[in-house]
Amino acid sequence: MSERSDRVGFSAADFRTLIDGSIPLAVAMAIEVVSIGPGTASLRLPQRDLITRPGATVSGPSLMALADIAMYAAILGQDSAALSAVTSNFNIAFLRATQGREVTAEATVVRMGRRLVFLQVYLYEEGSRDPVAHATGTYARPST
């Protein structure tokens with residue numbers, strides 16, 4: 001990762017490097033970084049047997065992991081100094097079953113405070129703008 005000053009966000013390439021070196025679950029799930037901007041992130045979860053449950057739907061834990069990792073990416077898209085941020089609260093509503101296609105998570109920072117970051121994520125299945133899930137979460141930013 002390139003050296004950055006406080007309050008400058010990660011690029012998609014920076015986050016891909018972080019995943020490859022520090023987030024083995026994201027590697028195992030083959031999560032792809034679509035884009036990262038200031039306080040936003042879009043990540044894609046390809047359809048794979050590893051994440052599929054009976055009935056050819058994407059498993060709930062896989063959707064939860066995708067949403068949580070997308071939240072982390074959105075935070076780092078706004079502030080690269082927030083590497084030590086951790087999930088402190090996570091809620092998800094599963095709105096409909098998937099049909100076994102890839103899923104994209106679109107995360108947005110709602111509010112970034114000094115100690116807490118509030119976020120939301122919509123999860124969409126390939127070919128549809130009708131969300132399969134909506135997640136909200138809070139990340140804690142430990143003092144450095």
Which residues share a side chain to side chain contact (heavy atoms under 4.5 Å, CB included) with [X], sequence neighbours left out:
X: Ser128; result: Arg96, Asp130
X: Ala26; result: Ile19, Ile23, Ile31, Ile69
X: Glu106; result: Ser42, Thr104, Tyr124, Arg129

Expected output: side-chain [X] to main-chain [Y] donor-acceptor under 3.5 Å:
X: Ser80; Y: Leu76; answer: no
X: Ser59; Y: Thr52; answer: no
X: Arg141; Y: Val86; answer: no
X: Thr57; Y: Thr98; answer: no
X: Glu125; Y: Gln99; answer: yes

Test applied, side chain to side chain contact (heavy atoms under 4.5 Å, CB included); reference residue, Leu63; option that passes from Val103, Asp68, Ile51
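The single option meeting the side chain to side chain contact (heavy atoms under 4.5 Å, CB included) with Leu63 is Val103.
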Is there a path of hydrophobic side-chain contacts, each under 4.5 Å between heavy atoms of I, L, V, M, F, W or Y residues, that connects Leu66 with Phe94?
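Same cluster.
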Are Ile75 and Ile92 co-members of a hydrophobic cluster defined by side-chain heavy atoms under 4.5 Å apart?
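Yes.
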Least distance between heavy atoms, Gly77 atom then Ile36 atom
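Closest pair (atom of Gly77, atom of Ile36, distance): CA-CG2, 3.3 Å.
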Less than 4.5 Å apart, side chain to side chain, heavy atoms only: is that true for Glu102 and Leu45?
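No, every pair of side-chain atoms sits at 4.5 Å or beyond.
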Anything under 30° is parallel, anything over 60° is perpendicular, the rest tilted; go ahead and classify Phe15 against Tyr72.
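Taking Tyr72 first and then Phe15, their aromatic rings stand perpendicular (interplane angle over 60°).
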